[in-house]
Enquirer: 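So that we are looking at the same thing, I have put the structure below in structure tokens.
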Amino acid sequence: MNQIDRTSSANLRVRFAPSPTGFLHVGSARTFIFNWLYARHNHGTMILRLDDTDVERNTEASVDSIFDGLQWLGLDWDESYKQSERHELHRKIAWSIFDKGLAYRDFTPAHTGESEKSGVQGTWLFNADMRELPREESNRRAAAGEPFALRFRVPREDAIGRQLPSAVGFAEGKLSVHFDDAVYGKQVKATADIEDFALLRSDGMPTYHLASCADDADLTISHIIRGQDHLTNTFKHVLIFEAAGHTPPQFAHLPLLVAPDGTKLSKRRHGPVVSVTTYRDAGFLPDAFINFLCLLGWSPKDDRTKMSLGELTDAFSLEGINRANAVVNFKEPAAARPLSGAIPEETFDAKAVWLNAEHIRALPIDDLSERLLPIVHEQYPNVTSKTMLRITPLIRERIKFLRDVLAAADFFLVEQLRPYDPAELIPQKGDAVMALKALQKAREVLASVEFNHDALDHALRAAAQELGLKAGQMFQPVRVSVCGRKNAPPLFETLEVLGKETTLRRIEDAIRRLS
RNA sequence: GUCCCCGUCGUCUAGCCCGGCCUAGGACAUCGCCCUUUCACGGCGGUAACACGGGUUCAAAUCCCGUCGGGGACGCCA
């Protein structure tokens, strides 16, 4: 059965196959990333396939939203397909399975939705009348126009003695299907626990299971890397592959991403916090987001956490994937803070936020500056890239999200400072008189000094000494007058960028506020 | 209900396959100290975990059995 050479990377082909039924959520993004990493690490082929079989639920908006997310991540693919354009192939394969006697027509009317989902009697297996329906009668009824679904004939005890597919054998005395998962190891399931699933619906459309396997076989996918929620479906898939005359690919199932409440991440229950574009809009760097996602369910095993895309690509392997579900430790925005439009920082997993800050700090100044500029321009269209380039180094260590630039660099950007509490001007262990004295001195000294770091440093320290103040007591009033608050970048660099004119004007203003 | 998967600090994880180096390592978060003109960065240190119970063994986080807990799949949805 293992005739395909899976070690040869030239034939390595993986795929990401989202269904366009909503936005791209973080679990899907992580599946995409792992597939991409595996393909690139092994110089294989990355395929994007839209699994849009369910016309009812698919929307154009969803397709756009998924592409938005993928585009932001910045990871590419080599080939792309739409399942809805391949129905002929799916039907052809379904009927070839029927022709081999491995599927049969089921004329039972379709079920009315969810009603008999978790029946007390246990798993429904098959309807004997339909499964055993003579071929002639089946053909006759079909020819008469009676609707039917096409069902897979899962091997039962009646298959014993005949030629069995190679994935089917006996385990503990029971006829079972087996396959080897790259993450979860050997998997076995008794055919008595697998129902005769549908291949074609009564409207002739392929089901997900059929379409997915038919495409994977046709596109010669070598490795299927997907969420663990498909682990039990895989037994059916193995059966389809073999019935269609193909060797099943190598499977690798990923542990699920779960919410803090322990349940599988879902768009429905958890909302925008699980949408990729939410991270984009909050000012995450794509590489930081990718880094974060990779650490959920995978480990490089060498204690590294902050990793670039290149490092991730080099380090990635299926062996590093673990089996336990991982929680994305986000908070519901409503619980985090009364909503004010923007998504508060504490909404996101703290590690994601930290990684983002790390990636921001690792970016070269000019690169960071370029990414910051469009955000700044939303509110301050007149800021030049030259100015931005001077501001960036002063705030790089102080922002966790790209958007934070607006709050961190506000005093560089506005003409007029927002009104602040004059009490802020008063230094440690000082009073309003001291503040006033310091500012008047600063006004005097700064008027005649050259605005570069060293000159500023000398001038202000000397001024402090002259007044009998500690350096900090001198700096604080100046800082607050030019920044409008206590927490700000280092003073001299700040003054340098602000320039003499603005600095003096703001000190003047502060003196006015004090008196 | 049936079947499948999982269970190491609050969270992500290393170690588990091939028992001893584990008085269980790292990271985030948290607490404290240092650096310092504020904030941040950085440095140092602390708190904190092998779900439980049996067994095998000289020795078990690592192997076996059971219990409990969590998740997932069971559709003519994907």
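Every chain is numbered from 1 and lettered A, B, ... according to where its sequence line falls, protein lines coming before strand lines. Keep in mind that what you see is a predicted model, and the values were worked out from it rather than measured.
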Enquirer: Could you give the distance separating B:C63 and B:C5 at their P atoms, to the nearest angstrom?
Expert: 16 Å
Enquirer: Please evaluate the base of B:C39 for a donor-acceptor partner in the side chain of A:Lys486 within a cut-off of under 3.5 Å?
Expert: no
Enquirer: RNA chain B: A:Asn322 or A:Asp106, which has the more 5' nearest nucleotide?
Expert: A:Asn322
Enquirer: Using purine N1 to pyrimidine N3 plus N6-O4 or O6-N4 for Watson-Crick, or N1-O2 and O6-N3 for G-U wobble, each under 3.5 Å, what pairs with B:A73?
Expert: B:U2
Enquirer: Which word best sums up how the rings of A:His237 and A:His230 line up, parallel for under 30°, tilted for 30 to 60°, or perpendicular for over 60°?
Expert: tilted
Enquirer: Please check if the number of heavy atoms outside A:Lys306 that lie under 6.0 Å from its NZ is greater than 12.
Expert: yes
Enquirer: Can you tell me the distance, in whole Å, between the CG atom of A:Asn291 and the C1' atom of B:C28?
Expert: 12 Å
Enquirer: Given atom CG of A:Asp52 and atom P of B:C77, what is their separation to the nearest angstrom?
Expert: 15 Å
Enquirer: With rounding to whole Å, what would you report as the distance between B:G72 and B:U30 at their C1' atoms?
Expert: 33 Å
Enquirer: Look at the rings of A:Phe34 and A:Phe316 and say which category their plane angle falls in: under 30° parallel, 30 to 60° tilted, over 60° perpendicular.
Expert: tilted
Enquirer: Can you check the distance between B:C50 and B:C74, where both ends of the measurement are the P atom (answer in whole Å)?
Expert: 36 Å
Enquirer: Output the rounded distance in Å from CG (A:Asn233) to P (B:G72).
Expert: 14 Å
Enquirer: Considering just the side-chain nitrogens and oxygens of A:Lys301, establish if one lies under 4.0 Å of OP1 or OP2 belonging to B:G15.
Expert: yes
Enquirer: Counting only Watson-Crick or G-U wobble pairs whose two distances fall under 3.5 Å, which nucleotide matches B:G20?
Expert: B:C58
Enquirer: If only atom types and distance count, is the side chain of A:Asp404 paired as donor or acceptor with the main-chain N or O of A:Lys400 below 3.5 Å?
Expert: yes
Enquirer: Can you tell me the pairing partner of B:A40 across any strand shown, Watson-Crick or G-U wobble, with both distances under 3.5 angstrom?
Expert: none
Enquirer: Specify the separation, in whole Å, of atom CG of A:Asn487 and atom C1' of B:A40.
Expert: 9 Å
Enquirer: If the cut-off is 4.0 Å, is A:Gln428 near the phosphate of B:U38, judged by side-chain N/O to OP1 or OP2?
Expert: no
Enquirer: Assess whether one donor atom and one acceptor atom, taken from the side chain of A:Lys351 and the base of B:A27, lie less than 3.5 Å apart.
Expert: yes
Enquirer: How long is the line joining CH2 of A:Trp124 and C1' of B:A73, in whole Å?
Expert: 16 Å
Enquirer: Under 4.0 angstrom, heavy atoms only, what part of the nucleic acid is A:His230 near: base, sugar-phosphate, or nothing?
Expert: base
Enquirer: Relative to each other, are the rings of A:Phe251 and A:His253 parallel, tilted or perpendicular (30° and 60° limits)?
Expert: parallel
Enquirer: On a plain distance test, is the side chain of A:Arg323 in donor-acceptor contact with the base of B:C5 below 3.5 Å?
Expert: no
Enquirer: For nucleotides B:C31 and B:C64, find the distance between their P atoms and express it as a whole number of Å.
Expert: 42 Å
Enquirer: When the distance from CZ of A:Arg105 to C1' of B:C76 is rounded to whole Å, what number comes out?
Expert: 16 Å
Enquirer: Could you tell me which nucleotide pairs with B:G66 by Watson-Crick or G-U wobble geometry, both distances under 3.5 Å, or answer none if nothing does?
Expert: B:C52
Enquirer: When only distance counts, do a donor and an acceptor, one from the side chain of A:Ser202 and one from the base of B:C76, lie under 3.5 Å apart?
Expert: yes
Enquirer: Rounded to the nearest angstrom, tell me the gap between atom CG in A:Leu355 and atom P in B:C28.
Expert: 9 Å
Enquirer: Which part of the nucleic acid, if any, lies within contact of A:Lys264, taking any heavy atom under 4.0 Å across all strands shown: a base, the sugar-phosphate backbone alone, or nothing?
Expert: sugar-phosphate
Enquirer: Please determine if a side-chain N or O atom of A:Arg201 lies less than 4.0 Å away from the OP1 or OP2 oxygen of B:C77.
Expert: yes
Enquirer: More than 12 heavy atoms of other residues, nucleotides or ligands under 6.0 Å from CD of A:Gln465: is that the case?
Expert: no
Enquirer: Do you know which of A:Phe23, A:Phe284, A:Phe292 makes ring pair (Phe, Tyr, Trp, His ring centres under 6.0 Å) with A:Tyr279?
Expert: A:Phe284
Enquirer: Starting from the 5' end of RNA chain B, give me the residue, A:Pro489 or A:Leu295, whose nearest nucleotide shows up first.
Expert: A:Leu295
Enquirer: Quick one: look up who B:U30 pairs with, Watson-Crick or G-U, both distances under 3.5 Å, and put none if it's unpaired.
Expert: B:G46
Enquirer: What's the CZ-P distance between A:Arg304 and B:U13, to the nearest Å?
Expert: 17 Å
